[in-house]
Amino acid sequence: MAGYDPIEVQARWQARWARDHLYELDLDRLRPDEKFYNLVEFPYPSAEGLHVGHTYTYSGADTLGRWLRMRGRKVFQPIGFDAFGIHTENYALQVGEDPTTLTARTVERYRGQLERLGAAWDWRHEVVTSDPAYYRWTQWVFLRLYRAGLAVRREAPVVWCPSCLTVLANEQLEGDRCERCGTRVTQRTLRQWFLRMTAYADRLLDGLEGLDWPETAKRLQREWIGRSHGVEVDFELEGGGRLATFTTRPDTLFGVTFLAVPPEHPGLAELATADRLAEVEAFAAEQRQLGLTGRERERRGVSTGRYALHPVTGERLPVWVAGYVVAGYGSGAVMGVPAHDERDFAFAATAALPVVQVVEGAPPPFTGHGRLVESGPFTGMASEAAAETIADWLEQHGRGRRATRYRLHDWLISRQRYWGPPIPVVYCDGCGTVPVPDEQLPVLLPRVDDFRPTGTGLSPLASVPSFVHTTCPACGGPGRRETEVSDTFLDSAWYFLRYPSAGRDDVAWDPELTARMLPVDMYAGGLEHVARHHLYARFVTMALRDLDLLPFAEPFPKIRLHGFLLQDGAKMSKSRGNVVVPDDYVATVGADNLRMYLLFVAPFEEGGDWSDAGLAGIERFSARAYRLIAEPHQPGSEAVDLRPLHRAVATVGRDIERLKFNTALSALMELLRWARQHKPAMDDACWERVSATFTLLLAPFAPHLAEELWSRLGRPYSVHLQPWPAYDPDAVQERQVTLVVQVNGKRRDALQAPAGLGREQAVAMALASERVRRHLDGREPRHVVFVPDRVVNLVI
RNA sequence: GCCCGAGUGGUGCAACGGUUGACACGAUGCCCUCAAAAGGCAUUGCCCGUAAGGGCGUGCGGGUUCGAAUCCCGCCUCGGGCACCA
């Protein structure tokens, strides 16, 4: 008999599945209660090809999906390509090829790779975000947000790489350096398009409560949104004007010894006194050049020469420009309380500013709470209560107001790049900013000879006259197109809405279909996307819901995060040269073995270490499984006790549901060993049951092998259309248990006993044990702990 | 610096507060073979002991409990996230 050839087997069945469209669903007939929208994060088709990290996630999600399918759910498992964006464009720049032709090739390659993994993708619903048929609707989504006042254009500082001559997305930063060239980034101020995500800060935060997400994911979003409740305190300036500061600790108001503004402060020239102006501007210019991240942790600053007046005491307080103050947060200025804030304390030390302790506790800097001292009428109060009282006082006297602040910023979607959807807006001298009408979508990205970033702050599209010059949709006069493209994260912020309706050219998504198919039932994703993609998608979904374009506000009620696959304890990376390429393994050991190995090596949600050595165990397992089923059965005479089979069905199902694929596989391995041992003794009925059940349990993990075995068993195609086997709950119960006997908590014997033994008999058995008696040393137990079917602990 | 997560055999890892080490890798021995590969079977936490048996053992130090890898407190190490958000 020929041995198991995983490569031949996978090729044959993949061809058959594709021919039969086995994994395509008829969405028209689907009820919301039977569908299961099984979503994975779609890849961006970059140069390197599919990473083994993708393979890892997709293996887990696909195994779950296949199992749910066998459990009777109609599993919708689409896939697509996040093909726009800087990653793709950078590679195109590197090889000097037009991104359009390049993307066509890489997408094709990815399709092949994804296909060969043997996952149950529904290719009929594929989306490619760089396809005009897709980005037409990305532009449409933008226009909905624009019309709702959620897309606005305003001037703002952005991160700039002086070496690559381009704006960088935040996700392209490693600390304060450009991911690509390692150059330290600077800031630049440009007129930009923003999506007003901060308008949804509260709902994004509060909505987390009801989501079935890992706690770490919720925490990350919570911290990213960063809501703080506090008070905005006004300080009158000597010589006129006032400075508003934000604080979460109004109870420390009497400890203020200075005010500080960031180097980016807009009114700096007016703030500084004449004699200080030159120094202030020099310092601010230098600090702005460094950018916030370039300033390190040094505590530098210069005095503006200006003084502010304390709102309660009227005391004169110097106003400083300080590098550590973050622009763009709160009111843009802080009240310096060195005694009760570590940063202010450090700054006060270098600037020789006084430290006044007003909360009792440890020596400064003391950031805890306590009784107020030296605080005028509020002295003696507990600081928590004082915070409220002082806030009231400020509000009553018109010197401040309660306020809520967020770390979350509006989403900067402008990119001075080529490879993205043009932002669908026309500028007209007469009409101003005019949105492109829906019927004129898509605004096509023109083919250009030179798509290199210009370094001028303008997109390469700005130098394409045929693109720029257009007709104003409002008045018919001459107009200029917006030449920026939108962030690639906007493409992916709504792609899951498109999948069911993919291919429709009349709507972005069909309302009736969407109501039935969404939201997503399970999203298998990565931690690195939580504070970006998942957040953007939630924001866009909420906004669309408010526009009555969607019947739900949360796109991903359930998310699970895969762990990371390491190599030799280190993250795989090109620079380390330790990237595992899945293709190589699919071609040598086969997709089934690769999938199972990835799932076996570690718990799915924790990740683990890749090792070629470990793969051998899985290959052996597959080969044994193949031999078990493929080798003919010489019937024995016994109706073998099938309890182990029932237990395996229970365990494997339970563990798949919990995403504990590693233990599910070990249960399958145990079942295999048991089946091999007992096969010769089994009568025909018994063997049929065992061989079929084993194959069904294997199907979610090793779809090709299981299909092959199923066909060899003479069963009707396809194993993937079969129901998951049932088990008898009674048969799962053990008949015999190991009863551990402890003396004073130390294990002294292990007795074989019938399950369900009562206390009396168990204790009697324990006392009868020779080993136990030796340790009892003739004494009577004072106290006996009995855990049924587990433990008898005799305490003397 | 702050916030999470994790520390268990030579290795990856498994264990509702109840036999620590399932499953697998590796190693050792044996079977098969002219031989090797493949395959099969067995052993495999550490220490003492020929053995029976005993002692120790889940990063470290305490605690709770009849009983702790698991719960609590304090440390150490590694991994990840955020990095001056007042």
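A note on names: the letters A, B, ... follow the listed sequences, proteins ahead of strands, and every chain is numbered from 1.
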Once you apply the 3.5 Å cut-off to both distances, tell me the Watson-Crick or G-U wobble partner of C13(B), or none. none

Out of [options], which nucleotide sits closest to the side chain of [X]?
X: Arg658(A); options: C13(B), A15(B), C84(B); value: A15(B)
X: Arg790(A); options: C13(B), C23(B), C16(B); value: C16(B)
X: Thr663(A); options: A14(B), C4(B), A86(B); value: A14(B)

Looking only at atom P, what distance separates C41(B) and C25(B), rounded to whole Å?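 My reading of the P atoms in C41(B) and C25(B) gives 12 Å.
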
G9(B) and G79(B), which share atom name C1', separated by this distance in whole Å: 22 Å

Cation over ring, Arg538(A) on Trp224(A), under 6.0 Å and within 45°? no

I want to verify the glycosidic state of G9(B); is it syn or anti under the 90° rule?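 G9(B): syn glycosidic orientation.
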
Would you say the ring centroid of Phe489(A) lies under 6.0 angstrom from that of Trp411(A)?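 No - the distance between ring centres of Phe489(A) and Trp411(A) does not fall below the 6.0 Å cut-off.
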
Are His51(A) and Tyr56(A) close enough that their ring centers fall under 6.0 Å?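 No - the distance between ring centres of His51(A) and Tyr56(A) does not fall below the 6.0 Å cut-off.
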
Using a 4.5 Å cut-off on heavy atoms from C-beta on, say whether the side chain of Arg300(A) contacts that of Phe283(A).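 Touching, per the 4.5 Å side-chain cut-off.
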
Test side chain to side chain donor-acceptor pair (under 3.5 Å) applied to Ser303(A) - qualifying residues, sequence neighbours left out: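 Scan of Ser303(A) (side chain to side chain donor-acceptor pair (under 3.5 Å), adjacent residues dropped) gives none.
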
I'd like to know if Glu528(A) reaches the base of G81(B) with its side chain, counting only an N/O donor and acceptor under 3.5 Å.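 Flag unset: no donor-acceptor pair detected.
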
Sugar-phosphate or base contact per nucleotide [nucleotides 41-58 of chain B; S, B, -; heavy atom under 4.0 Å]: S-----------SSSS--

Answer with yes or no whether the side chains of Tyr585(A) and Asn593(A) bring together a donor and an acceptor at under 3.5 Å.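 Checked: Asn593(A)/Tyr585(A) side chains show no N/O donor-acceptor pair below 3.5 Å.
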
